[in-house]
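Letters go in sequence order (proteins before strands), and every chain restarts at 1.
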There are 2 protein chains.
Amino acid sequence: MISIQQLSQEVAIGTDTLRIWERRYGFPVPQRDSRGHRRYSDQQVEELRIVKMLQSLGYRPNKIFALDAAGRKTLLDKELDQNQPENTALLQLAKQLSPHEIDRDLRGRLEKLGPTNFVFQVAVPLIKTLDRGWSDGTISIAREHLVSDRLEQLLKEQLADPEPSATTPQLLFLTLNGEWHKIGLLLAAVLFRSAGLGCLLIHEELPLSEVPQLALDLDVAAVALSFSSHYPTRQAKKDLALLRNKLDPKIRLIAGGQAVQDGVALQNLIICSELEQIPAISSKLLSELRAQTG
Amino acid sequence: MISIQQLSQEVAIGTDTLRIWERRYGFPVPQRDSRGHRRYSDQQVEELRIVKMLQSLGYRPNKIFALDAAGRKTLLDKELDQNQPENTALLQLAKQLSPHEIDRDLRGRLEKLGPTNFVFQVAVPLIKTLDRGWSDGTISIAREHLVSDRLEQLLKEQLADPEPSATTPQLLFLTLNGEWHKIGLLLAAVLFRSAGLGCLLIHEELPLSEVPQLALDLDVAAVALSFSSHYPTRQAKKDLALLRNKLDPKIRLIAGGQAVQDGVALQNLIICSELEQIPAISSKLLSELRAQTG
DNA sequence: AATAATTATTTGTCTAGGACAAAATAAATG
DNA sequence: CATTTATTTTGTCCTAGACAAATAATTATT
């Protein structure tokens, strides 16, 4: 039995939102403690996780809450299962291997495939496998975090790696204030890195106002930002316009994530709504930058 | 000009708390937009950061808000400056070096000093330097994140490193739900690691209820948790008692952080309120475990 | 005088129900 | 069929009050 705030942190839904859902849709209706404070059960946590995933798949609350718990579960299973061909080796990795074995396995695959193929053929499917496994109850949260932590660590090492060469153009990857959209940005950085661009990733959030100065100090060729689906479109547009304005025109600006899928057109801005576009974008960018310098 | 929620995220103070501080202490009093919603200035963000640091130094709101902005600044400077002897090399690293240079410098020091000395002579002082530099305005937030990200990455690599040996006892380091107390736990893990214990760190938050099963699956010899100062003492006590109960008695339980400094005595629980205690604790633990197995 | 137990103050989190703009959908227009 | 305009949906913010947990201050006890 947990408080509304604990619940809010676990499922990443604001307390105001939780209360108004209860008022409007009748879910989740918690028990009350002696003071009249809300107390949520483990089961409600689980059901809310399903709601959250459906939401991130594009369903809106009125659709979601029109269904009952079983209906939501069914719908989510359907959504996750449609891209079926499950890689059994990855499934085993996700479910059973020990941390060291996971490390060894992933490193082996990375070496064999190279970073780009690793991202598309291992990292992305693995993340999907984890989601699916969590959804059908075959993978615990702890296990999911364990595996994704190993993956994250491995990918970060790829960025640090060698090549402090002075001639390679450097890109700066940032998480803006209010974002926690870590893994997508990391995958993007690895892809750019494997195209031959130097990538510097700052995972902790920082204020927009400091970005231009930082970009200048680090002498980077481009700044990349990722906006999650929760980021208000209007705000994303405003942020990007402001940043584009403050930033040296020679520094490219790259925006990714669901919040900028369309509409956000801006002079001198590279939009990148899908990971799949990155190989093309990065090679083009690299040749442009090379031409510029040389 | 930012909203109350954005402010809340930037300074890590809940919206409720911000509103009630305004009501009770008259700070921060924001401007209002056309709807009557609060809008905070950059300066207020900065002043709140100072408040937050004073709070984490043990000052309570009534003392803090009895002072004006200048008084708070003075007090904070005094607090941070009393441990004076500033390492100029570290200061330069924090302020000026490029990411690659930081990496090289830190790696060099790590190699020379070994992990334990590195933690006490480099990592801890560096973190203090960053705090101080931020406080007196000579280090930007961006710079602080940049440097601490490099440090974090380097330390994490130390944990992964070699030795998947079957005979080494493994410890599991966890962040509980509602915690984001990353760096302290990481430093602790590195210290245990350098004593010869295998350390597995899961940075993402996970529910308490899943810990026992995870510990069993991974076959670890101990579980280590860190509670930040914000964690309610009562809750920490409850959590620890519950976990101790559910956990196999043979698995040790280690608790650290400001929230468990005293009082939280429990059978079969190792309390560790200061990093300095870890070398002693870890070597004792290791010999116990070796005796047990061998 | 030092320690333990009480009482008072401080502090953060919670409650309720109302309001409203931004986003998404439906409807109406060219 | 593409745009514009109305309508619904949705999340965030508002006020003001309540109360327990944590801390400080006071009193009682050894």
Side-chain angles (χ1 to χ4, degrees), chain A residues 1-9 11-25 27 29-40 51-52 54-55 58-66 178 227-238 258-264, chain B residues 1-9 11-25 27 29-40 51-52 54-55 58-66 178 227-238 258-264:
Chain A
M1 285 297 165
I2 61 174
S3 72
I4 193 168
Q5 198 173 217
Q6 291 178 292
L7 175 65
S8 168
Q9 293 205 347
V11 298
I13 298 171
T15 56
D16 280 323
T17 305
L18 288 167
R19 277 190 280 255
I20 211 147
W21 280 1
E22 181 184 342
R23 206 198 296 173
R24 287 196 185 135
Y25 311 113
F27 183 86
V29 178
Q31 291 190 271
R32 301 292 181 132
D33 66 10
S34 50
R35 284 178 259 170
H37 288 189
R38 291 171 173 81
R39 293 269 135 191
Y40 297 89
V51 169
K52 193 75 204 290
L54 286 173
Q55 218 182 177
Y59 291 92
R60 299 186 59 196
N62 62 345
K63 295 281 176 196
I64 296 173
F65 292 115
F227 296 89
S228 80
S229 59
H230 306 86
Y231 212 86
T233 311
R234 206 181 178 74
Q235 186 72 39
K237 217 168 173 174
K238 231 198 275 181
Q258 300 200 14
V260 292
Q261 271 185 351
D262 49 30
V264 192
Chain B
M1 283 296 165
I2 61 174
S3 73
I4 194 169
Q5 197 173 220
Q6 291 178 291
L7 176 64
S8 167
Q9 293 204 346
V11 298
I13 300 170
T15 57
D16 280 325
T17 304
L18 288 168
R19 276 189 280 256
I20 210 147
W21 280 2
E22 181 185 342
R23 206 199 293 174
R24 287 193 185 138
Y25 311 112
F27 183 84
V29 178
Q31 290 190 275
R32 300 293 180 128
D33 66 11
S34 51
R35 283 179 261 173
H37 289 189
R38 293 170 173 80
R39 293 268 134 192
Y40 297 89
V51 169
K52 193 77 203 289
L54 285 173
Q55 223 184 171
Y59 291 93
R60 298 185 63 196
N62 62 348
K63 295 281 175 194
I64 296 173
F65 291 115
F227 296 89
S228 81
S229 58
H230 307 85
Y231 212 84
T233 311
R234 205 182 179 76
Q235 185 72 37
K237 214 167 175 174
K238 230 198 274 180
Q258 302 201 14
V260 292
Q261 272 187 350
D262 49 29
V264 191

Using nucleotides 12-15 of chain C, report all nitrogen or oxygen pairs with the protein that are shorter than 3.5 Å.
{"from": "C/dG12", "atom 1": "OP1", "to": "B/Gln55", "atom 2": "OE1", "distance (Å)": "2.9"}
{"from": "C/dG12", "atom 1": "OP2", "to": "B/Trp21", "atom 2": "NE1", "distance (Å)": "2.5"}
{"from": "C/dG12", "atom 1": "N7", "to": "B/Arg24", "atom 2": "NH1", "distance (Å)": "3.0"}
{"from": "C/dG12", "atom 1": "O6", "to": "B/Arg24", "atom 2": "NH2", "distance (Å)": "2.7"}
{"from": "C/dT13", "atom 1": "OP2", "to": "B/Thr17", "atom 2": "OG1", "distance (Å)": "2.7"}
{"from": "C/dC14", "atom 1": "OP1", "to": "A/Ser3", "atom 2": "OG", "distance (Å)": "3.4"}
{"from": "C/dC14", "atom 1": "OP2", "to": "A/Gln5", "atom 2": "NE2", "distance (Å)": "3.4"}
{"from": "C/dT15", "atom 1": "OP1", "to": "A/Arg38", "atom 2": "N", "distance (Å)": "2.6"}
{"from": "C/dT15", "atom 1": "OP1", "to": "A/Arg38", "atom 2": "NH1", "distance (Å)": "3.0"}
{"from": "C/dT15", "atom 1": "OP2", "to": "A/Arg19", "atom 2": "NH1", "distance (Å)": "2.4"}
{"from": "C/dT15", "atom 1": "OP2", "to": "A/Arg38", "atom 2": "NH1", "distance (Å)": "3.1"}
{"from": "C/dT15", "atom 1": "O5'", "to": "A/Arg38", "atom 2": "NH1", "distance (Å)": "3.2"}

Anything under 3.5 Å between a protein N or O and an N or O of nucleotides 23-26 of chain D, put it in a table, one pair a line.
{"from": "D/dT23", "atom 1": "O3'", "to": "B/Arg60", "atom 2": "NH1", "distance (Å)": "3.1"}

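Atoms CD1 (A/Ile13) and P (D/dT10) sit 14 Å apart, rounded to a whole Å. D/dC14 atom C1' lies 15 Å from atom CG of B/Leu18, rounded to whole Å. Between the P atom of D/dG11 and the NZ atom of A/Lys52 lies a distance of 11 Å, rounded to the nearest Å. At whole-Å resolution of the value, CG in A/Asn62 and P in C/dT25 are 8 Å apart. Per the geometry, CD belonging to A/Glu22 stands 16 Å off C1' belonging to D/dG11, to the nearest Å. Distance B/Phe227 CZ to D/dA22 P: 14 Å, rounded to the nearest Å. The CZ-P distance, from A/Phe65 to D/dT9, rounds to 14 Å in whole Å.
For B/Arg39, the salt bridge (Lys or Arg N to Asp or Glu O under 4.0 Å) partners two or more places apart in sequence, or in a different chain, are B/Asp33. For B/Tyr25, the side chain to side chain contact (heavy atoms under 4.5 Å, CB included) partners at least two apart in sequence or on another chain are B/Trp21, B/Pro61, B/Phe65. Annotation: salt bridge (Lys or Arg N to Asp or Glu O under 4.0 Å) contacts of A/Arg35 (sequence neighbours excluded): none. Residues that satisfy the salt bridge (Lys or Arg N to Asp or Glu O under 4.0 Å) test with A/Arg23, not counting sequence neighbours, are absent from this structure.
A/Asp16 contributes atom CG, which lies 8.0 Å from atom CD of B/Gln5 (distance to the nearest 0.5 angstrom). The structure places CG of A/Leu7 at 11.5 Å from CE of A/Met1, a figure rounded to the nearest 0.5 Å. Distance check: A/Lys52 NZ to A/Ile13 CD1 gives 5.5 Å after rounding to the nearest 0.5 Å.
When all heavy atoms of B/Ser8 and B/Gly14 are compared, the pair lying nearest together is OG-CA, 3.9 Å.
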